[in-house]
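As the structure lists them, so they are numbered: ligands from 1, and atoms in each ligand from 1. Just so we're clear, the structure is a prediction, and the values are computed from it rather than from any experiment.
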Amino acid sequence: MDRSGAAADALARLVLDVPDFPEPGIVFKDITPLLGDPAGFAAVVDALAAAGRDADGTVVVDKVVGMEARGFIFAAPVAIALGVGFVPVRKAGKLPRETYAVSYELEYGEATLELHRDGVAPGERVLLVDDVLATGGTVAATRDLVAACGGETVGVAVLMELSFLPGRETAGDIPITALAVI
Ligand code: AMP
């Protein structure tokens, strides 16, 4: 099986749908069985990392940014696979030094994400990694944070894209790699 086939197979077998979690009407994508399966976990990390390479296999990004919390689990091994640094985007109040902050609308209320001001250097090319692309608000806010540092988001890689939500439109004009579209 090739790289994308192995990843698609792992996602189909090892991500569980949990209806009405964390609230009625949401079908939560539970990735914990995937994380517990070393071959499946490795297959999806390998497929996500391909988003940081060109057609010849050359690494074309300087940093991988992961969004709290499940994004960290995938972004960190993707950064190691690409041989570049990992940078966390965190919820408000968690990063200890000077940050940029962006607030955005959730279905109910508002959220704020932060990035250390020196997390991305001016001119650096960044790949964003998360587990699920839903409304796209998290990706859009993270793009703004990378831009505030002077960096450029050149791609987004997610395990799953929920195609019944406008994630792609909200994320903006950027290449999005989704290992599965639901
Ligand atoms: P959004 O900003 O709406 O694109 O939401 C993306 C974030 O919410 C991701 O970091 C996901 O971890 C989480 N998320 C949204 N919908 C789901 C879902 N159905 N199952 C699991 N996680 C989700």
- For atom 15 (C) of ligand 1, what's the nearest protein heavy atom and its distance?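 Answer for atom 15 (C) of ligand 1: Ala134 CB, 3.6 Å.
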
Region of [X] that comes within reach of ligand 1 [heavy atoms, distance under 4.0 Å]:
{"X": "Thr135", "value": "both"}
{"X": "Arg70", "value": "side chain"}
{"X": "Val27", "value": "backbone"}

- Ile26-ligand 1 polar pair, N/O distance under 3.5 Å: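 N/O-N/O distance below 3.5 Å does not exist for this pair.
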
- Task: Would you check the N or O atoms of Lys29, main chain and side chain alike, for any that come under 3.5 Å of an N or O of ligand 1?
- Result: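 Yes, at least one N or O pair falls under 3.5 Å.
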
Should you measure from each heavy atom of [X], which atoms of ligand 1 turn up under 4.0 Å away?
{"X": "Gly137", "result": "2 (O), 4 (O)"}
{"X": "Thr138", "result": "1 (P), 2 (O), 5 (O), 6 (C), 7 (C)"}
{"X": "Asp131", "result": "9 (C), 10 (O), 11 (C), 12 (O)"}

Kindly indicate whether the side chain of [X], heavy atoms from C-beta on, has any atom under 4.5 Å from the side chain of [Y].
{"X": "Val84", "Y": "Asp62", "result": "no"}
{"X": "Asp54", "Y": "Val60", "result": "yes"}
{"X": "Thr177", "Y": "Leu48", "result": "no"}

- Task: Could you check which of Val132, Leu162, Leu133, Ile182 puts a non-hydrogen atom nearest to atom 9 (C) of ligand 1?
- Result: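 That would be Val132.
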
- Residues Thr58 and Asp56: side-chain donor-acceptor under 3.5 angstrom: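 Their side chains do not contain a donor-acceptor pair, so the 3.5 Å distance test is not met.
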
- Query: Between Leu162 and Lys29, does a side-chain contact (heavy atoms from CB on, under 4.5 Å) hold up when you go through it step by step?
  - Reply: CA-CA 10 Å; Leu162 305 183; Lys29 299 291 177 185; 4.3 Å; yes

- Task: For Arg143 and Thr153, indicate whether the former's side chain and the latter's backbone hold a donor-acceptor pair under 3.5 Å.
- Result: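 Not confirmed, Arg143 side chain does not pair with Thr153 backbone.
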
- Message: Can you tell me if Gly136 contacts ligand 1 (heavy atom of the residue under 4.0 Å from the ligand)?
- Response: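 Yes.
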
- Query: With sequence neighbours excluded, what pairs up with Ala141 under the side chain to side chain contact (heavy atoms under 4.5 Å, CB included) test?
  - Reply: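 Per chain and number, Ala141 pairs via side chain to side chain contact (heavy atoms under 4.5 Å, CB included) with Val102, Tyr104, Leu113.
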
